[in-house]
Amino acid sequence: MERRLTTILAADVVGYSRLMAADEAGTLDALNVIRSTIMDPKTAQYGGRVVKLMGDGTLMEFASVVDAVAFALDIQQAVAGHNEAVPDDTRIAFRIGINIGDVLVDGDDIYGDGVNVAARLEALARPGTVCISATVFEHTRNKLDAAFEDLGEQALKNIATPLRVYQSCPDNGIAVAAPEATTTNDAGRQWSAPPRVEQALGSIAVFPFDLLSPDPADAFLADGLTAEIINMLSSVPDLRVASRAAIFSARDRKDGSADPWDIVRTHAFRYVLTGNVRRAGDRLRVIAELTDAADRTQLWSATYDRTMADIFEVQEEIAEAIVVAFGGELLRAEWARVSGTAPADLAAWELVHKARALNLPVNRDALDEALALAQQAVARDPNYANAHACLASIHVQRVISGFSADPETDRAAAVTAIERAAQLAPDDPTVLRTLGKVWSTCGQAARAVAALRRAVEVAPFDYHIWGRLGRTLAYGGDDAGLAEGHAILDRILATAPGHPMVGYWCYFKANACSLDGRHEDAARFARRSLDLQPGYTGAWMALANALGAQGLVDEAKEALAGALRTNPAMTPEHLAEQIAIAAGGDTEHAEKSLSGLKAAGLL
């Protein structure tokens, strides 16, 4: 058979099985319309050849790699425009992967690793985006007006060598270059940036444990156990652990495409922990299984038959078994150093997890209910560090959101609670992250940064903590801190573009750009944040500020109206006060941060 070097494009429809199950005829008709009105004309325009159609999948080749990428980006933009008039639950979206490779030609068909890699890249792509290999990226760099995110080295199924992958940014996306691991700032001090994913000794995703009990009121057991195991594993410095938010958001998607394995595939986690919980009266059975993500081979399993009072021992035993499986005695020692003390009262543990579930999305009634639950947890078990940390977080969230009737009292209560938590569990990353949040809200920027630096030492792969550190440094009113904050935010946006906190990181970055006077960049990051979470008040406010600074007063007023629709308590005046406090009472810094709102007459 003939061999040739070619550009291979693989595409398929996101959630095709779900769409077909809901409306088979309608889905086929809609797909045929897109193929005939969008894909076929553009295939001819860019000189592509359809090798074969496979249900919802398409395999194509192009003589020009630039044309292949331009075609893919054009297709995604055209399909997005087509979908604007289509109901959300029937929209057709594509994933596309592109590779350059040597293929075997058999008649009209092509085979080989080049084709396989393109298919694996397609599977990695987020809906509406294009994933390309590093070779494709190098051939098209500076030849197309398009932004791509560096996803780093990715382990592709049945492909022997990890491959560097780049993913297109959707509309209003931002391409960021990840800085080196160690940087020298203007003051000559060196600091470390967040590690890349490939630097971890191991990586694991903990799927939400299934609840097998007939009573749905026991759901907190399964979710709480999952969250605790994630928190424990995140405390081990050499492990990269999928965040709780990422896994639970994948499970809870409203569009019917829920699949936590998407997180595993997209971010190349090496292992997966699954399990289930069954409760019968006071008896509890927990089954846990550790799986190799590459081929889904079971590596370890255990069954725990205990009483409810023993649930804390069970979660510690599961976490320790995983730690030992990764690295033996070395990691066992690290685990012993950072693992916290289990609560003495089961009801306190339950109350904390119910309070955390109410903390986001933020609204006044939910925060009031969460506060009452956290206060009950502290009363039930005064020595439970996470109960105090949860209580502190809710107090400061009331202040930040503008829902506090007495901000000074809430701040004081938050300080009391988090200082007690830090006494009880000084190396717990959740406690340290909350400590940083509290000190920042109370105008103690230096203490906040110190707590967050300690947190990333304890849990270096917890990008949630890194994002909080980047924000705190950028907002602190210090030029060196602003530069370091920019670099940290750039690094985590480049390293973890699919992380559930990206919407918040883009908002942090928008505000940092406004402080630099880069108002067009600030607007782009704010819009990217709103693409990911349209109801985020902070992003609407950041957009209003950036537009006002560019003299776009009417557009700034529209964005401010969007902010006030989502949270009427978050006024520009309230925001200015919070920024001034975070910068140690520096009102000049607050004015600089919100100069666009002031210029537009909105502050």
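Note that the structure is predicted; figures quoted are calculated from it, not measured. Only this structure's heavy atoms are used, side chains among them; waters, hydrogens and symmetry mates stay out. Counting from 1, the numbers follow the sequence of the chain as shown.
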Taking atom [atom1] as the centre, does [X] end up with more than 12 heavy-atom neighbours from other residues, nucleotides or ligands that are less than 6.0 angstrom away?
{"X": "Asp29", "atom1": "CG", "value": "yes"}
{"X": "Glu138", "atom1": "CD", "value": "yes"}
{"X": "Lys42", "atom1": "NZ", "value": "yes"}

For Thr537, side chain to side chain donor-acceptor pair (under 3.5 Å) partners two or more places apart: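 With sequence neighbours excluded, Thr537 shows a side chain to side chain donor-acceptor pair (under 3.5 Å) to Thr566, given in chain and number order.
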Shortest non-hydrogen separation from [X] to [Y] and the atoms involved:
{"X": "Ser514", "Y": "Asn545", "result": "OG-ND2, 3.5 Å"}
{"X": "Asp462", "Y": "Arg433", "result": "OD2-NH1, 4.3 Å"}
{"X": "Ile98", "Y": "Ala72", "result": "CD1-CB, 3.7 Å"}
{"X": "Ala526", "Y": "Ala539", "result": "CB-O, 3.8 Å"}

May I ask you to say whether [X] pairs ionically with [Y], meaning some side-chain N is under 4.0 Å from a carboxylate O?
{"X": "Arg4", "Y": "Glu2", "value": "yes"}
{"X": "Glu122", "Y": "Arg95", "value": "no"}
{"X": "Lys509", "Y": "Asp521", "value": "no"}

CE on Met541 to CG on Asn567, rounded to 0.5 Å: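 Spacing of CG (Asn567) from CE (Met541) equals 8.0 Å.
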Euclidean distance, Ile110 CD1 relative to Leu59 CG, rounded to 0.5 Å: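 Result: 4.5 Å between the selected atoms.
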Qualifying ring pair (Phe, Tyr, Trp, His ring centres under 6.0 Å) pairs with a residue from [range], counting only residues at least two apart or across chains:
{"range": "residues 87-144", "result": "Phe137-Tyr166"}
{"range": "residues 55-81", "result": "Phe62-Phe71"}
{"range": "residues 2-24", "result": "none"}

Would you mind reporting whether [Y] and [X] have side-chain heavy atoms less than 4.5 Å apart?
{"X": "Leu5", "Y": "Ile100", "answer": "yes"}
{"X": "Asn511", "Y": "Leu515", "answer": "no"}
{"X": "Leu19", "Y": "Asp23", "answer": "no"}
{"X": "Met60", "Y": "Thr58", "answer": "yes"}
{"X": "Val69", "Y": "Val130", "answer": "no"}

Checking Ala21 now: which residues fulfil side chain to side chain contact (heavy atoms under 4.5 Å, CB included) with it, not counting sequence neighbours? none
Partners passing side chain to side chain contact (heavy atoms under 4.5 Å, CB included) against Ala70 (at least two apart in sequence or in another chain):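 Ala70 satisfies side chain to side chain contact (heavy atoms under 4.5 Å, CB included) with Tyr46, Leu144 only.
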Does the Trp540 side chain pair with the main chain of Pro534, one donor and one acceptor, at a distance under 3.5 Å? yes
Mutual orientation of the aromatic rings belonging to Phe508 and Tyr504 [parallel < 30°, tilted 30-60°, perpendicular > 60°]: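 Judged by the thresholds at 30° and 60°, the geometry between Phe508 and Tyr504 is tilted.
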